[in-house]
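Submitted below is the structure of interest, expressed as structure tokens.
Chain identifiers are assigned alphabetically (A, B, ...) following the order of the sequence lines, protein sequences preceding nucleic acid strands; residue numbering begins at 1 within each chain.
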2 protein chains.
Amino acid sequence: MLSHKAKYALKALLYLAQQEEGFIAKTMDISQGANIPKKFLEQILLELKRGHFVSSKQGKLGGYYLLKSKNEITLADIHRLFDGAIALLPCASLNFYEPCSDCTTESECSLRLGLLTIRDETLKVMKNITIGSLIKK
Amino acid sequence: MLSHKAKYALKALLYLAQQEEGFIAKTMDISQGANIPKKFLEQILLELKRGHFVSSKQGKLGGYYLLKSKNEITLADIHRLFDGAIALLPCASLNFYEPCSDCTTESECSLRLGLLTIRDETLKVMKNITIGSLIKK
DNA sequence: ATTAACTCTACTAATTATATAGAATTAATT
DNA sequence: AATTAATTCTATATAATTAGTAGAGTTAAT
């Protein structure tokens, strides 16, 4: 499941992607437009900025805007930024790999092999869903 | 990601599925054989029993054994039993549906529509992975 | 009666999720 | 230069969940 943070991030990105080219949205606009608690949203936007998905302009008349194209921002990206690994166990993860503490023979672990399959399939689907593709639906 | 509970459940089922037909495994056997904390495993086996995946024999010489065929127990089943919804948000879930509190127009929610797609794809893959198929790998 | 297994309920400790608060910084405008 | 309105940063709070432990009770074979 997605955390609220990840869900709010997606909603905020969808909001930004639907503004006119060059428009700069205030946090308050996004908060009201997408129904996200403002102070929580502030943190989320900062994380999206550190992830280079959005950028911001400071001071009066400042705000946020998409840095990447809406078709380049995938569900996989946002999941990884806010909720971490896409794989079902860390031992099967590409970007968040960690060995299981209870596992003695990872290379022969049949559970892990199954989860590698799932990870590849899931990743394929999640990479294919972008902010742009969501708007079209 | 899977919880430890779900991972341990899968490992316990894999252990049981690899015993000889008719063999009854003590909790201690499974705990040692699959490297799972015994007291924690007790709870997990009870949940698996309530889910009708395993059954047990009480008293001395008692223990656990598979109730369903190893090819009928899917990853989707175990995920749902221990970790709940497979969908990325409750509003996109078949078995654990709940509306989003921050959503006003679910039927037009583009995020939800995208997540329905993912859910269907993920489910297809997860239903296809069974205890039996894992052993073969 | 004893032993050795499952069963059940409650509890605990650590972590994570979901925010909120408030001061600091930045930049446009008056 | 002062004011205003925005982002930025750090800290804190609180609630829920996770991961596991403890211990008493029940069952059935010997």
Side-chain angles (χ1 to χ4, degrees), chain A residues 1-12 16 23-32 34-51 53-65 67 79 81-85 88-90 96 98 100-102, chain B residues 1-12 16 23-51 53-67 79 81-85 88-90 96 98 100-102:
Chain A
M1 297 272 280
L2 292 180
S3 65
H4 282 203
K5 248 186 175 176
K7 178 176 73 168
Y8 290 157
L10 289 166
K11 285 173 58 166
L16 289 178
F23 182 78
I24 292 183
K26 288 182 289 186
T27 303
M28 183 62 87
D29 295 336
I30 307 173
S31 166
Q32 292 178 347
N35 204 16
I36 304 167
K38 179 169 176 277
K39 286 301 260 179
F40 199 19
L41 177 60
E42 285 179 14
Q43 289 185 12
I44 292 165
L45 289 169
L46 283 172
E47 287 189 63
L48 282 171
K49 185 180 175 182
R50 289 187 205 109
F53 296 103
V54 303
S55 189
S56 66
K57 191 168 169 311
Q58 281 208 355
K60 204 172 178 176
L61 307 192
Y64 287 93
Y65 53 94
L67 187 56
H79 190 287
L81 184 60
F82 291 95
D83 293 347
L88 288 175
L89 287 181
F96 297 85
E98 271 184 63
C100 287
S101 59
D102 57 309
Chain B
M1 296 274 282
L2 292 180
S3 65
H4 281 204
K5 247 185 177 177
K7 178 176 74 168
Y8 290 156
L10 289 166
K11 285 173 58 168
L16 288 178
F23 182 78
I24 292 185
K26 289 181 288 185
T27 304
M28 182 63 88
D29 294 336
I30 307 173
S31 165
Q32 291 178 346
N35 203 18
I36 303 168
K38 178 168 177 278
K39 284 301 258 178
F40 200 17
L41 178 60
E42 286 179 12
Q43 290 187 11
I44 293 165
L45 289 169
L46 283 173
E47 287 190 62
L48 283 171
K49 185 179 176 183
R50 289 186 204 110
F53 296 103
V54 303
S55 190
S56 66
K57 191 169 172 309
Q58 281 207 358
K60 201 170 178 177
L61 306 193
Y64 287 93
Y65 54 93
L66 283 191
L67 187 57
H79 191 286
L81 184 60
F82 291 96
D83 293 348
L88 287 175
L89 287 181
F96 298 84
E98 270 185 62
C100 287
S101 59
D102 57 310

Under the salt bridge (charged side-chain N to carboxylate O under 4.0 Å, His left out) test, which residues partner K38(B), sequence neighbours left out? E42(B)

Counterpart residues, salt bridge (charged side-chain N to carboxylate O under 4.0 Å, His left out), relative to K49(B) (two or more places apart):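 Residues passing salt bridge (charged side-chain N to carboxylate O under 4.0 Å, His left out) with K49(B): none at all.
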
Please report the distance, rounded to the nearest Å, between CG in D102(A) and C1' in dG20(D). 14 Å

Once side chain to side chain contact (heavy atoms under 4.5 Å, CB included) is applied, do any residues pair with L66(B), and if so which ones, sequence neighbours excluded? L13(B), L16(B), A17(B), V54(B), K70(B), I73(B)

OH of Y64(B) versus P of dA4(C): gap in Å, rounded?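 Value for this atom pair: 18 Å.
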
Rounded to whole Å, the CG-P distance (L41(A) to dT18(C)) equals 15 Å

Listed once per pair and sorted, the side-chain hydrogen bond (donor to acceptor under 3.5 Å, both in side chains) pairs that draw on residues 23-37 of chain B, sequence neighbours left out: none

How close or far is atom P of dT18(C) from atom CD1 of I44(A), stated in whole angstroms?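 From I44(A) CD1 to dT18(C) P: 9 Å.
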
Could you tell me the separation between the CZ atom of R50(B) and the P atom of dC6(C), rounded to a whole number of Å?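 So the CZ-P distance, R50(B) to dC6(C), works out to 15 Å.
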
When you measure from every atom of DNA chain C, which of residues 23-32 of chain A have a heavy atom less than 4.0 Å away? none

When the distance from CG of L89(A) to P of dT18(D) is rounded to whole Å, what number comes out?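 Result: 15 Å.
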
Taking the minimum atom-to-atom distance to the side chain of S3(A), which one of dC9(D), dT20(C), dT18(C) wins? dT18(C)

Looking across every strand, which nucleic acid part, if any, lies under 4.0 Å from F82(A) by heavy atom: base, sugar-phosphate, or nothing? nothing

How would you list, by chain and number, every residue that makes a side chain to side chain contact (heavy atoms under 4.5 Å, CB included) with L81(A), sequence neighbours excluded?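 Testing L81(A) for side chain to side chain contact (heavy atoms under 4.5 Å, CB included), a comparison that skips the adjacent residues, returns L48(A), F53(A).
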
For the student: nearest non-hydrogen atoms of A12(B) and L41(B), plus distance: CB-CD1, 4.1 Å

Both F40(B) and L45(A) contact DNA chain D. Which one's nearest nucleotide lies toward the 5' end?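 The residue closer to the strand's 5' end, by nearest nucleotide, is L45(A).
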
Could you check L2(B) against G63(A) and say which one's nearest nucleotide on DNA chain D is further toward the 5' end?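 Nearest-nucleotide comparison on DNA chain D picks G63(A).
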
Rounding to a whole Å, what distance do you find between M1(B):CE and dT17(D):P? 19 Å

Who pairs with L61(B) by side chain to side chain contact (heavy atoms under 4.5 Å, CB included), at least two apart in sequence or on another chain? none

Can you measure E47(A) atom CD to dT7(D) atom P for me and round it to whole angstrom units?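 The answer, rounded to whole Å, is 16 Å.
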
Assign a letter to each nucleotide of nucleotides 21-30 of chain C from its 5' end: B, base within under 4.0 Å of a protein heavy atom; S, sugar-phosphate only; -, no contact. BB---BBBS-

Phosphate oxygens OP1/OP2 of dA19(D): is one of them under 4.0 Å from a side-chain N or O of Y8(B)?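 Answer no for this pair, as no side-chain N or O of Y8(B) is under 4.0 Å from OP1 or OP2.
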
Give the table of side-chain donor-acceptor pairs shorter than 3.5 Å for residues 1-9 of chain B, with sequence neighbours excluded, one pair per line with atom names and distance.
unit_1, atom_1, unit_2, atom_2, d
S3(B), OG, K5(B), N, 3.4
S3(B), OG, A6(B), N, 3.1
S3(B), OG, D83(B), OD1, 2.6
K5(B), NZ, E47(B), OE2, 2.7
K7(B), NZ, D102(A), OD1, 2.7

Counting the atoms with a prime plus P, OP1 and OP2 as sugar-phosphate, which does K49(A) contact under 4.0 Å by heavy atoms, base, sugar-phosphate, or nothing?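 K49(A): backbone/sugar contact only, no base atoms under 4.0 Å.
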
Heavy-atom pair with the smallest gap, counting every atom of I30(B) and A25(B): CG1-CB, 4.0 Å

